[in-house]
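Working notes, beginning with the structure itself.
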Number of protein chains: 2
Amino acid sequence: MRYHKIPDETVRRLPVYLRGAIHLSQQGVEHVSSAHLAGLLGVKPWQIRKDFSYFGDFGTPGVGYPLESLIKQINKILRLDSGPRAVLVGVGNLGSALLAFPGFRMYGFEIAAAFDTDKRKIGRTKSGVPIEDVAQLRRIRRRRIGLGIIAVPEAAAQETAATLVEAGIKGILNFSPCYIAVPKRVKVITIDIAMDLARLPYYMPSS
Amino acid sequence: MRYHKIPDETVRRLPVYLRGAIHLSQQGVEHVSSAHLAGLLGVKPWQIRKDFSYFGDFGTPGVGYPLESLIKQINKILRLDSGPRAVLVGVGNLGSALLAFPGFRMYGFEIAAAFDTDKRKIGRTKSGVPIEDVAQLRRIRRRRIGLGIIAVPEAAAQETAATLVEAGIKGILNFSPCYIAVPKRVKVITIDIAMDLARLPYYMPSS
DNA sequence: GTTTGTGAATAGTTTCACAGCA
DNA sequence: TGCTGTGAAACTATTCACAAAC
């Protein structure tokens with residue numbers, strides 16, 4: 001194996017592989033072949049082999065990939081092994097759903113804090129996380145939180161992002177349906193739910 | 001302009017352009033240049049020009065693109081002009097947030113029906129949509145609904161998808177963190193929120 | 001002067017086919 | 001025999017640069 005930069009598309013698939021690997025591992029399986037994993041996840045076997053080849057040969061011909069190493073390796077590459085902590089801003093419908101969402105834990109995430117503007121919510125607890133006043137948001141700098149999740153109305157998204165950046169946040173998951181400008185050192189991933197739904201009819205036969 | 005198949009990546013960006021165009025149009029603007037739109041949406045001007053070139057020259061050199069035609073054109077390509085109707089399955093935390101979500105309307109969508117298994121929810125109304133018994137789900141065939149939104153627990157996702165397909169659904173937006181197998185004629189887009197969050201640390205400097 | 005539309009160049013990704021290892 | 005790892009080929013997408021249009 002030689003040095004390779006891992007392609008972005010491969011990085012995008014790593015969490016998929018991780019999910020599959022964890023799933024199998026929990027069932028007591030110890031090795032998995034690219035063909036088996038591919039069937040489980042709806043991808044192609046050669047895609048998996050190529051992707052895995054970017055970060056080391058730990059597969060065994062005739063046997064497959066050892067799940068334990070695979071999980072450890074992907075966690076390490078994605079830097080999930082440090083137990084990343086996230087702050088949620090906006091505890092409305094969507095924010096509440098995110099707080100209750102069980103899926104983050106699989107990847108080692110913790111939503112360590114939640115903020116809102118609504119005086120009636122501040123001081124209360126949702127899914128075990130106390131809701132704090134958004135006016136105090138910039139103080140999270142001291143709390144070793146690297147990720148921000150924006151679930152505020154569109155009009156407040158850019159300002160929220162700016163405050164998060166100021167507070168030392170390095171990565172933002174943005175649920176507002178808009179582009180937010182941040183310094184280049186900060187990575188933003190925007191999930192616009194309506195936008196994904198909007199491309200569905202294009203791919204549908206007739207109507 | 002010559003015939004071109006529209007690349008998938010372009011299709012993925014069309015809703016972004018549509019959002020920007022609608023935004024400007026609501027402000028009374030009539031024409032927009034690729035540079036202006038690009039600045040607004042965080043993409044590159046030449047990317048916009050190339051993308052638009054796949055579906056006809058309606059831009060005017062020195063002036064830009066007429067917003068009204070642009071909106072009409074994108075709506076037509078994405079087949080949003082027929083007012084697509086969606087059915088939501090699973091009215092939990094996430095499902096409720098989706099029902100309350102204002103963003104769908106911008107793209108001409110309507111969530112026309114909602115289903116759940118919980119007897120306490122069935123018969124009630126959420127965000128104006130009555131919640132029906134999931135046992136009746138396959139009857140939606142008669143109601144001219146083309147899209148399905150799956151917001152049920154992972155364990156029920158595959159079965160829900162199968163029922164939707166049986167009921168004549170042609171496209172599925174899946175929020176369960178798993179691959180769901182469907183016939184090739186049905187398009188599935190999976191949004192795994194945790195998975196998107198999981199790739200964020202990879203792109204963050206240090207930690 | 002400004003801005004589009006697009007061929008050509010570059011970059012990135014997927015697919016294939018098969019040598020080589022267990 | 002079964003499966004990995006990978007070079008090469010095929011394909012897809014992005015970026016550039018500039019002629020033509022207003």
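To find a chain, count down the sequence lines: A is the first, B the second, and so on, and within it residues start at 1.
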Mapping A/P61 and A/P7 onto DNA chain C by nearest heavy atom, which one lands closer to the 5' end?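 Nearest-nucleotide comparison on DNA chain C picks A/P7.
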Using the closest heavy atom to pick a nucleotide of DNA chain C for each, name whichever of A/E9 or B/G59 lands nearer the 5' end.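 Looking at the nearest nucleotide for each, B/G59 comes out on the 5' side.
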Donor-acceptor check, side chain of [X] to backbone of [Y], threshold 3.5 angstrom: yes or no?
| X | Y | answer |
| --- | --- | --- |
| B/K121 | B/I131 | no |
| B/S25 | B/A21 | no |
| B/R79 | A/M204 | yes |
| B/R12 | A/R199 | no |

Scan B/R13 against the nucleic acid and name what it touches under 4.0 Å (heavy atoms): base, sugar-phosphate only, or nothing.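 If one applies the 4.0 Å heavy-atom cut-off, B/R13 turns out to touch the sugar-phosphate alone, with no base involved.
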Which is true for B/T10 with a 4.0 Å heavy-atom rule: it touches a base, it touches only sugar-phosphate, or it touches nothing?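 No contact at all - B/T10 keeps every heavy atom at 4.0 Å or more from the nucleic acid.
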Could you please name the option among [options] that lies closest to any side-chain atom of [X]?
| X | options | answer |
| --- | --- | --- |
| B/S53 | C/dT6, D/dG5, D/dA13 | C/dT6 |
| A/D8 | C/dT4, C/dT13, D/dG5 | C/dT13 |
| B/Q47 | C/dG5, C/dT4, D/dT15 | D/dT15 |
| B/S33 | C/dT3, C/dT13, D/dT4 | C/dT3 |
| A/K50 | C/dT3, C/dG5, D/dA8 | D/dA8 |

Under 4.0 Å between a side-chain N or O of A/Y54 and OP1 or OP2 of C/dG12?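 No, because none of the side-chain N or O atoms of A/Y54 sits under 4.0 Å from OP1 or OP2 of C/dG12.
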Please determine whether a side-chain nitrogen or oxygen atom of A/T60 lies at a distance below 4.0 Å from atom OP1 or OP2 of C/dA22.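 False: A/T60 side-chain N/O out of range (4.0 Å or more) of C/dA22 OP1/OP2.
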Length of the [atom1]-[atom2] vector between [X] and [N], whole Å:
| X | N | atom1 | atom2 | answer |
| --- | --- | --- | --- | --- |
| A/H36 | D/dC3 | NE2 | P | 11 Å |
| B/D51 | C/dT3 | CG | P | 19 Å |
| A/F55 | D/dT6 | CZ | P | 12 Å |
| A/K44 | C/dT13 | NZ | P | 18 Å |
| B/F58 | C/dT6 | CZ | P | 12 Å |
| B/R49 | D/dA21 | CZ | P | 16 Å |
| A/H31 | D/dT4 | NE2 | C1' | 13 Å |
| B/W46 | D/dC18 | CH2 | C1' | 14 Å |

Check whether more than 12 heavy atoms from other residues, nucleotides or ligands sit under 6.0 Å from atom CD of B/E30, and answer yes or no.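 Atom CD in B/E30 is not crowded, with 12 or fewer foreign heavy atoms closer than 6.0 Å.
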